[in-house]
**Student:** 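Take a look at this one; I'll ask things after.
Here is how names work: the chains are called A, B, and so on, in the same order as the sequence lines, proteins then strands, and each is numbered from 1.
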Number of protein chains: 2
Amino acid sequence: MTTSATLSTSPATDGAPTIDLGPAVALSCRECGHRVDLGPFYACTECFGPLEVAYQFASSGEELRAAIEAGPDNIWRWAPLLPVPPGIASTPNINPGNTKLIRADNLARELGMKTLWVKDDSGNPTHSFKDRVVAVALAAARELGFSVLACPSTGNLANAVAAAAARAGIRSVVLVPSNLEQQKILTTAAYGGTLVAVDGNYDDINRLAGQIAAEQEDWAFVNVNVRPYYAEGSKTLGYEVAEQLGWRLPKQVVIPIASGAQLVKIDKGFTELVELGLVDASPYKVFGAQATGCSPVAAAFKAGEDVVRPVRPDTIAKSLAIGNPADGPYVLDVVRRTGGAVEDVSDDDVIDAIKLLARTEGIFAETAGGVTVATLRKLLATGALDPDEETVIFNTGDGLKTLDAIASSVGPTATIKPTLAAFEQAGLV
Amino acid sequence: MTTSATLSTSPATDGAPTIDLGPAVALSCRECGHRVDLGPFYACTECFGPLEVAYQFASSGEELRAAIEAGPDNIWRWAPLLPVPPGIASTPNINPGNTKLIRADNLARELGMKTLWVKDDSGNPTHSFKDRVVAVALAAARELGFSVLACPSTGNLANAVAAAAARAGIRSVVLVPSNLEQQKILTTAAYGGTLVAVDGNYDDINRLAGQIAAEQEDWAFVNVNVRPYYAEGSKTLGYEVAEQLGWRLPKQVVIPIASGAQLVKIDKGFTELVELGLVDASPYKVFGAQATGCSPVAAAFKAGEDVVRPVRPDTIAKSLAIGNPADGPYVLDVVRRTGGAVEDVSDDDVIDAIKLLARTEGIFAETAGGVTVATLRKLLATGALDPDEETVIFNTGDGLKTLDAIASSVGPTATIKPTLAAFEQAGLV
């Protein structure tokens with residue numbers, strides 16, 4: 001709460017005009033379009049629809065492109081397009097973004113595809129795309145006058161919040177289910193914030209987070225009361241892919257679906273780049289990926305419905321296991337508008353896909369990445385995705401965090417005595 | 001074995017003049033200076049001393065600097081200074097390097113220092129600096145005509161070799177002790193190469209690796225028969241720090257010691273940059289960091305001796321646990337020449353330091369990083385390191401890979417029922 005705090009003259013809740021979140025000018029309801037001032041709001045006062053950030057961009061075209069290219073080697077190069085204060089790049093944060101876009105020729109060959117890229121967000125500081133959304137949430141939260149960064153989480157988000165708050169020098173409060181794997185508790189506890197183990201499931205802690213947010217007015221729950229800002233962080237995945245391709249859009253993208261916000265925001269990023277004259281308009285198809293054990297959006301897509309019916313998740317892809325995805329209907333809009341599809345894959349397919357990606361490209365993805373690769377394969381099989389068109393898939397996390405998922409399916413090729421004879425007899429040469 | 005293989009016209013062992021490893025022109029003995037042609041050699045035929053790469057650099061000064069700055073965003077921007085073929089950046093590899101140099105103001109404040117940076121190599125593709133050395137070893141190995149990439153390892157190196165070989169489309173053979181933690185076996189096995197579990201300790205598998213290397217003439221053991229090339233990869237850590245500081249050298253660096261090669265090569269990198277006119281000559285001090293449970297170099301330094309006496313390692317910092325460090329004497333040379341020191345720290349101090357770095361900077365280091373931070377603290381306490389001079393410390397690996405080390409010392413702040421009342425009663429507000 002150093003620089004930014006001095007810019008906001010008043011408590012968090014009054015939407016004072018001194019708030020400077022760069023190009024962000026208001027919050028606007030995604031359902032009825034009603035506008036409110038920037039502030040810690042997430043639901044429309046008119047219709048209870050979700051709010052999102054509305055912008056007035058200061059520049060476009062060549063001028064904007066030059067500014068971006070001269071910017072820092074992280075997501076803050078996109079500050080002119082994000083709800084963050086103009087000086088954000090010089091404040092202490094973990095600077096995620098500009099992760100590698102990897103040309104996946106080996107995998108393309110195995111799948112019979114022409115041009116395939118993997119946007120590998122495991123390269124972020126805590127090894128998932130959550131660092132992006134948390135960085136934007138933190139920036140907005142500080143500008144809005146919050147002094148604590150909080151979240152309910154079962155994994156990647158917990159890591160990202162605890163690390164970002166540590167570096168920013170503010171307190172974090174992370175709520176996790178008390179039966180979470182020891183490994184995931186350790187990776188968050190290491191950062192030294194407040195880590196609360198709650199005897200309950202994710203729904204329980206999510207509800208508790210909402211209750212605490214209502215009581216503690218200087219606590220920003222990244223995915224609750226500052227969610228509109230948080231979600232915008234995922235736009236940078238779309239921006240980066242376009243810049244890394246040489247300022248153009250790919251023809252097809254495959255994106256994992258948890259809440260669905262990431263998919264929707266990548267599409268929003270592409271759309272903005274076209275509107276701002278940074279890339280030429282060209283048709284692209286957006287595909288969504290789910291695990292069959294938590295596939296409410298795929299089910300709605302296949303049934304031709306607009307409503308997403310909640311399910312009880314049962315899949316190894318825990319970072320995608322949101323049974324009632326908030327952005328589900330918007331995912332359906334994007335996918336149908338662009339001519340894509342939503343597909344789902346079994347847990348066995350997920351494990352096979354993790355191994356396939358690691359074996360062909362040396363990229364070890366978490367289960368969510370496995371869902372995406374397996375879905376790519378299935379979309380090729382059904383003919384929904386064209387193997388001859390340039391395709392980008394998104395790996396949003398790191399295999400080191402979901403080792404349990406592959407524990408029973410990989411292991412040593414052989415176990416031998418420590419002698420050359422034993423080695424040669426084992427048929428390993 | 002695609003492009004590069006076609007460049008070498010003959011088997012691995014004849015040092016044919018068609019071998020093109022860029023600026024590398026020969027191998028030279030570090031003890032007697034005897035020179036041999038480039039090839040898969042690592043010991044001097046005259047005195048059995050270790051060989052290292054000798055260069056003839058093609059450019060220097062502004063011309064070289066411009067070429068580097070226009071290069072790719074990974075270690076291949078340094079190709080003009082490495083033993084790799086000129087076209088290396090366009091061959092399939094995992095492209096490590098250009099990891100973040102993080103300004104650590106929070107940690108500096110806690111330690112009473114003025115300017116402190118963390119070079120964070122956990123940002124590499126498999127999350128340790130080993131990706132650098134393996135990438136250079138792979139490049140040289142392919143040019144020398146090898147068709148298999150191999151190593152003995154107990155952790156980071158195994159990950160790096162398996163991933164790099166997968167992406168390069170060549171076979172990997174990794175030897176590990178069969179009693180290695182399941183977690184470390186999984187992270188290597190995921191890449192699908194040949195993983196051999198050996199009933200023995202690291203010394204046993206290291207010896208076995210040497211025997212296999214002697215038999216299989218197209219197998220490159222990265223840290224055995226192509227070690228001279230492999231070790232050069234660590235120079236890039238020094239190069240990058242200098243460029244990231246705006247083409248200048250820091251005043252003090254603290255580097256962990258396993259074999260000692262990394263420390264020696266960072267110093268070599270700095271020296272080359274001065275010779276090539278890329279940075280101004282300015283005095284710097286090199287400090288070495290060891291865990292007390294494996295501190296043969298610190299012991300020799302403190303005793304004022306030139307000989308490093310082997311020890312039997314007993315420390316949680318397993319990635320530094322080399323009891324007979326090959327580069328130990330050269331470390332002593334560098335440290336004494338520059339006016340630095342070698343210090344060692346207890347395992348308890350290592351754990352405290354891991355938590356300190358995570359809490360202050362949001363960087364979750366593996367045990368080796370903990371050794372470095374703890375050593376920094378001790379050097380400040382002894383007065384060997386000046387708190388007012390700009391200092392860079394090297395974090396060479398990721399805390400996700402050594403969770404066991406902190407398992408008993410971090411955990412939830414509190415465990416509660418899922419109610420607001422329980423939360424408030426727990427004193428967490």
**Student:** How close do B:L186 and A:L403 get, heavy atom to heavy atom, and via which atoms?
**Tutor:** CD1-O, 3.9 Å
**Student:** Check whether B:Q211 gets within reach of chain A through its side chain, its backbone, both or neither, counting any heavy atom under 4.5 Å.
**Tutor:** both
**Student:** Chain A: which of B:G399, B:A407, B:G123 shares the most heavy-atom pairs with it under 4.5 Å?
**Tutor:** B:A407
**Student:** Counting only heavy atoms closer than 4.5 Å, note whether B:T360 contacts chain A via side chain, backbone, both or neither.
**Tutor:** backbone
**Student:** State, to 0.1 Å, how close B:T415 and A:S178 come at their nearest heavy-atom pair, and which atoms those are.
**Tutor:** CG2-CB, 4.1 Å
**Student:** Need one label for A:Q183: side chain, backbone, both or neither, based on atoms under 4.5 Å from any heavy atom in chain B.
**Tutor:** both
**Student:** Report the C-alpha separation of B:E361 and A:I94 in whole Å, then their side-chain angles, then the decisive distance to 0.1 Å, and conclude whether the side chain to side chain contact (heavy atoms under 4.5 Å, CB included) test is met.
**Tutor:** CA-CA 8 Å; B:E361 300 297 344; A:I94 59 174; over 6 Å; no
**Student:** Tell me the closest heavy-atom pair linking B:A166 and A:N106, and the distance in Å.
**Tutor:** O-ND2, 3.7 Å
**Student:** Non-hydrogen atoms of chain A under 4.5 Å away: do they reach the side chain of B:S122, the backbone, both or neither?
**Tutor:** backbone
**Student:** If you tally heavy-atom pairs under 4.5 Å against chain B, which of A:L357, A:V196, A:I205 wins?
**Tutor:** A:V196
**Student:** Between B:G192, B:G411, B:G200, who has the most heavy-atom pairs with chain A when the cutoff is under 4.5 Å?
**Tutor:** B:G411
**Student:** How many angstroms lie between atom OG1 of B:T126 and atom CG of A:D398, to the nearest 0.5 angstrom?
**Tutor:** 9.5 Å
**Student:** Considering all heavy atoms of both residues, which atom of B:L208 and which atom of A:L420 are nearest to each other, and what is their separation?
**Tutor:** CD1-N, 3.5 Å
**Student:** With a 4.5 angstrom heavy-atom cut-off, is it the side chain or the backbone of A:I363 that approaches chain B, or both, or neither?
**Tutor:** backbone
**Student:** Does a side-chain heavy-atom distance below 4.5 Å link A:F423 with B:L175?
**Tutor:** yes
**Student:** I'd like to know which of A:N159, A:V429, A:D204, A:I185 tops the heavy-atom pair count under 4.5 Å against chain B.
**Tutor:** A:V429
**Student:** Has A:K100 got a side-chain atom pairing as donor or acceptor with B:N95's backbone, closer than 3.5 angstrom?
**Tutor:** yes
**Student:** Sort out for me which of A:I354, A:L107, A:V173, A:T419 touches chain B most, counting heavy-atom pairs under 4.5 Å.
**Tutor:** A:T419
**Student:** What residue, out of A:I212, A:D73, A:I406, has the most heavy-atom pairs lying under 4.5 Å from chain B?
**Tutor:** A:I212
**Student:** Determine whether a donor-acceptor pair (N or O, by modelled atom type, separation under 3.5 Å) exists between the side chain of A:T413 and the backbone of B:L195.
**Tutor:** yes
**Student:** Identify the two heavy atoms, one from A:D199 and one from B:K417, that lie closest to each other, and give their separation to 0.1 Å.
**Tutor:** OD2-NZ, 3.6 Å
**Student:** Counting heavy-atom pairs closer than 4.5 Å to chain A, which one of B:A163, B:P412, B:A426 comes out on top?
**Tutor:** B:P412
**Student:** Please look at A:T187 and chain B and tell me whether the side chain, the backbone, both or neither of the residue comes under 4.5 angstrom of a heavy atom of that chain.
**Tutor:** both
**Student:** If you compare all heavy atoms of A:E215 against all heavy atoms of B:E424, which two are closest, and at what distance to 0.1 Å?
**Tutor:** OE1-OE2, 3.8 Å
**Student:** Return the option, out of B:K355, B:R207, B:R103, with the maximum number of heavy-atom pairs under 4.5 Å with chain A.
**Tutor:** B:R103
